[in-house]
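Remember, it's a predicted structure, so these values are computed and weren't measured experimentally. Sequence lines set the chain letters: A, B, ... in the order given, protein chains first and strands last, and positions in each chain run from 1.
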Amino acid sequence: MLELRNVVVRFGGLVAVNGVSLDVQAGEIHALIGPNGAGKSTVINVVMGLYRPTEGDCIFQNEPVSGQPTHLIARRGLARTFQNTELFTDFTAIENVMVGLDHEYGYGIASRLLGLPNWRRKEDAARHEALELLKKLRIEKFAEQKAGTLPFGLRRRLEIARALATRPKLLLLDEPAAGLRHHEIIELNGILEDLRDQHGLAILLVDHVMKVVMAISNRVTVLNFGRHVATGTVNEIKNNPDVIAAYLGGAGGHA
Amino acid sequence: MWGNLAWVLWLAIAALAPFLAGQYLLYNIGIVATTAAIVSGLTFLSGVAGLISIAQSAFVAIGSYGAVLLQMHLGIPLLIGIPVAAAIAGVVGWLLGFLCLRLDGHYLALVTLAFMGIVHYTIINLDITGGAVGLAVPSVALFGVTLDSPMAIYVMAVTASAVTLWSIDRLIHSRYGRMLRALRQSDIAAVSLGADRRSLRTMALATSAVAGGFAGGFQALQLTYLDPQQFTIVTAVFYIAIMVVGGMRSVHGAIIGAAIFVFVPGFLSGLEHYMAFILFFFVTVMIVVMPDGLVSIFSAGGRLSGWMASRHGRKNA
């Protein structure tokens with residue numbers, strides 16, 4: 001579904017990603033792990049078109065994404081969340097999700113200016129679907145609350161709801177579990193498994209938190225210093241000597 | 001709710017003024033209306049989309065000179081010429097946005113500043129625009145009747161302004177307004193959700209240009225004379241100041257700001273030479289003390305009454 005082929009990203013002299021290959025298949029949760037600075041977030045930014053790979057290709061559903069503007073990549077069925085959350089903090093939770101639904105429920109300027117029935121219908125339908133998405137993430141209670149006032153754990157979930165609003169085929173999650181408490185992580189795992197199993201969504205999960213990665217991933221790819229270390233199932237990765245070296249050996253990173 | 005209440009108030013003032021106000025006051029209320037409508041374009045561009053334009057006066061110039069020239073040279077009646085000129089202003093605004101490589105704060109501010117200068121010097125140096133002398137605005141004629149009484153001009157200008165302000169208000173509360181506000185808050189999140197940053201922002205600039213051109217055309221009817229000195233960087237900055245003082249998040253802020261800038265100089269006419277100083281001192285104070293503009297007094301009032309209601313409720317409980 002999503003394939004990275006020998007992707008290299010250089011910023012001047014700094015090599016953030018050095019020849020990474022990766023494929024995420026339909027209906028799987030694919031984790032991307034590695035010590036701090038391994039280039040994990042850069043991979044998401046490359047896929048979403050924020051950075052252009054210096055070398056290599058990024059292919060989604062057999063068509064290249066590299067070089068396309070971000071909003072067109074998003075409309076092809078890719079959605080993401082952000083490591084430090086990028087919510088629209090002045091908006092209520094439901095308005096945040098409605099931004100993601102904008103494309104689906106479009107209406108023309110004239111229809112709004114003249115007050116035609118079309119705009120009301122579309123706005124109501126968007127609001128209704130936004131509420132359904134908040135329910136799916138179990139945060140519908142906070143629909144009318146300003147996103148900026150929500151506690152951290154709920155903000156992360158609101159970001160997932162908002163990303164789902166674009167009706168993605170593949171969801172890119174940038175450290176969704178960072179800073180979450182134990183019971184929140186359990187709940188998050190349930191939600192992500194649900195999205196995969198009930199809705200057939202593929203997920204590329206970038207995270208440090210092993211309680212998430214090891215519990216729900218179908219496959220895991222490990223990066224270190226921008227380089228590919230290993231790809232395999234959870235058990236294969238746990239016993240891979242290169243991975244153990246990257247995490248515990250001279251690299252100095254931590255899980 | 002405050003928004004609807006404000007609309008009732010503005011429409012009541014506009015409707016009652018011809019019966020209660022003298023000619024001088026009526027003229028000034030009309031000027032407040034067209035100025036507010038011009039500024040509402042900026043409200044959409046700056047307050048909603050977060051972009052800074054120093055060219056609103058240029059679009060006002062395109063609307064007013066355009067309408068007058070269409071009448072003088074092609075015989076197009078003013079009431080048709082003004083919307084046509086406003087559409088031209090919109091196309092120019094769209095092109096300006098389209099040609100800007102980046103539609104971000106400083107870049108757009110500089111491009112519009114340069115554009116403002118170009119328009120001003122073009123007006124001064126062309127023969128067709130009357131050069132530095134300016135142009136007299138012909139009277140509006142409708143079905144053979146000449147509409148040049150103060151009352152007729154008031155009715156036309158206020159109606160056009162109300163349409164403009166109402167349209168901008170609706171756009172702010174539409175998916176376009178929502179997407180532009182989303183881009184302002186986090187453009188990386190908005191584009192990742194499929195927002196076309198460039199076309200949305202270009203559309204915001206075009207919209208503000210249409211509002212400026214349309215309301216500007218009707219303001220020309222009120223002023224009866226086009227003087228190139230009305231269309232400078234200074235007047236463009238005045239429009240920004242009006243928006244900031246009134247409040248840049250809603251059209252009501254534009255109306256309040258316009259009222260202040262039209263009426264205060266009248267009250268302080270003895271201090272004429274210091275007017276710019278006084279007004280911009282006021283703007284600076286406003287930015288520090290009331291960054292959301294004077295309109296926020298009303299929402300503060302809303303909070304206050306909400307707070308009192310909750311206290312009252314607690315007492316009864």
Side-chain angles (χ1 to χ4, degrees), chain A residues 44-45 47-50 69-82 84-92 94-115 119-120 122-123 126-127 147-148 158-159 162-168 172 174, chain B residues 40 44 47-50 83 87 90 94 101-103 162-204 206-208 210-211 214 248-251 291-292 296 299:
Chain A
I44 289 190
N45 287 333
V47 174
M48 289 307 290
L50 294 171
T70 302
H71 70 274
L72 292 183
I73 295 176
R75 289 179 193 178
R76 279 176 54 188
L78 284 158
R80 70 173 295 181
T81 63
F82 296 85
N84 296 315
T85 72
E86 284 281 345
L87 288 169
F88 310 120
T89 49
D90 290 348
F91 282 177
T92 60
I94 199 165
E95 283 175 319
N96 266 274
V97 180
M98 286 171 79
V99 172
L101 289 165
D102 182 75
H103 200 59
E104 195 66 38
Y105 295 99
Y107 51 84
I109 289 177
S111 143
R112 177 65 183 105
L113 288 184
L114 304 174
W119 83 266
R120 241 303 138 220
K122 290 280 175 62
E123 282 283 312
R127 190 164 277 276
L158 177 55
E159 270 210 337
R162 188 179 66 175
L164 291 175
T166 63
R167 305 191 176 171
L172 309 155
D174 199 348
Chain B
S40 72
F44 192 62
V48 175
W94 188 86
L101 287 176
R102 292 183 57 182
L103 269 169
V163 169
T164 310
L165 288 160
W166 178 244
S167 302
I168 295 288
D169 191 37
R170 285 189 157 197
L171 280 183
I172 291 173
H173 298 105
S174 75
R175 71 185 190 96
Y176 297 97
R178 181 165 56 229
M179 295 310 279
L180 287 166
R181 280 182 290 159
L183 277 167
R184 190 190 71 220
Q185 292 173 66
S186 169
D187 70 342
I188 185 178
V191 296
S192 299
L193 295 166
D196 186 344
R197 171 172 42 198
R198 195 147 173 187
S199 78
L200 280 163
R201 288 188 168 166
T202 307
M203 170 275 205
T207 303
S208 79
V210 171
F214 188 67
M248 54 201 285
R249 300 279 184 254
S250 74
V251 295
D292 289 332
S296 62
S299 43

Checklist line | Distance (rounded to the nearest 0.5 Å) between B:Arg178 CZ and A:Leu101 CG | finding: 8.5 Å
Note to self: So, taking the atom named CG in A:Asp90 and the one named OG in B:Ser186, what distance separates them when rounded to the nearest 0.5 Å?
What the structure shows: 11.5 Å
Check: Does any heavy atom of chain B fall under 4.5 Å from the side chain of A:Phe91, the backbone, both, or neither of them?
Finding: both
Notebook entry, point to check: What are the two closest heavy atoms between B:Tyr176 and A:Tyr107, and how far apart are they?
Noted result: OH-O, 3.0 Å
Note to self: Please classify the contact between A:Glu123 and chain B as side chain, backbone, both or neither, with a heavy-atom cut-off of under 4.5 Å.
What the structure shows: side chain
Check: Which of the residues A:Ala165, A:Gly106, A:Ala126 is involved in the greatest number of heavy-atom pairs with chain B at under 4.5 angstrom?
Finding: A:Gly106
Next item on the list: Say whether, by atom type as modelled, one donor and one acceptor occur between the side chain of A:Tyr105 and the main chain of B:Arg175 under 3.5 angstrom.
Entry: no
Notebook entry, point to check: Counting heavy-atom pairs under 4.5 Å to chain B, which of A:Leu113, A:Thr166, A:Asp102 comes out on top?
Noted result: A:Asp102
Notebook entry, point to check: For the atom pair CG (B:Asp196) and NE2 (A:His71), what is the distance rounded to the nearest 0.5 Å?
Noted result: 3.5 Å
Next item on the list: Could you pull out all residues at least two apart from A:Trp119 that satisfy ring pair (Phe, Tyr, Trp, His ring centres under 6.0 Å)?
Entry: none
Note to self: With a 4.5 Å cut-off on side-chain heavy atoms, are B:Leu193 and A:Phe88 touching?
What the structure shows: yes
Margin query: If I compare all heavy atoms of A:Ala74 with all of B:Gly194, which pair ends up nearest, and what's the gap?
Written below: CB-N, 3.6 Å
Check: In terms of heavy-atom proximity below 4.5 Å to chain A, should B:Arg181 be classed as side chain, backbone, both, or neither?
Finding: both
Next item on the list: Examine whether an atom of A:Leu114 lies under 4.5 Å from a heavy atom of chain B, and if so say whether it belongs to the side chain, the backbone or both; otherwise answer neither.
Entry: backbone
Next item on the list: Name the region of B:Ala182, side chain, backbone, both or neither, that has any atom closer than 4.5 Å to a heavy atom of chain A.
Entry: both
Checklist line | Spatial distance of atom CE (B:Met179) from atom CE (A:Met98) [nearest 0.5 Å] | finding: 11.0 Å
Checklist line | Trace of the side-chain contact (heavy atoms from CB on, under 4.5 Å) decision for A:Thr70 with B:Arg197 | finding: CA-CA 10 Å; A:Thr70 302; B:Arg197 171 172 42 198; over 6 Å; no
Item checked: Taking every non-hydrogen atom, the tightest pair across A:Arg112 and B:Ser174 -> CG-CB, 3.6 Å
Next item on the list: Under 4.5 Å, counting heavy-atom pairs only, tell me which of A:Glu95, A:Arg162, A:Met48 racks up the most with chain B.
Entry: A:Arg162
Check: Checking side-chain contact (heavy atoms from CB on, under 4.5 Å) against B:Gln185, which of A:Val99, A:Thr89, A:Asn96, A:Leu87 comes through?
Finding: A:Thr89
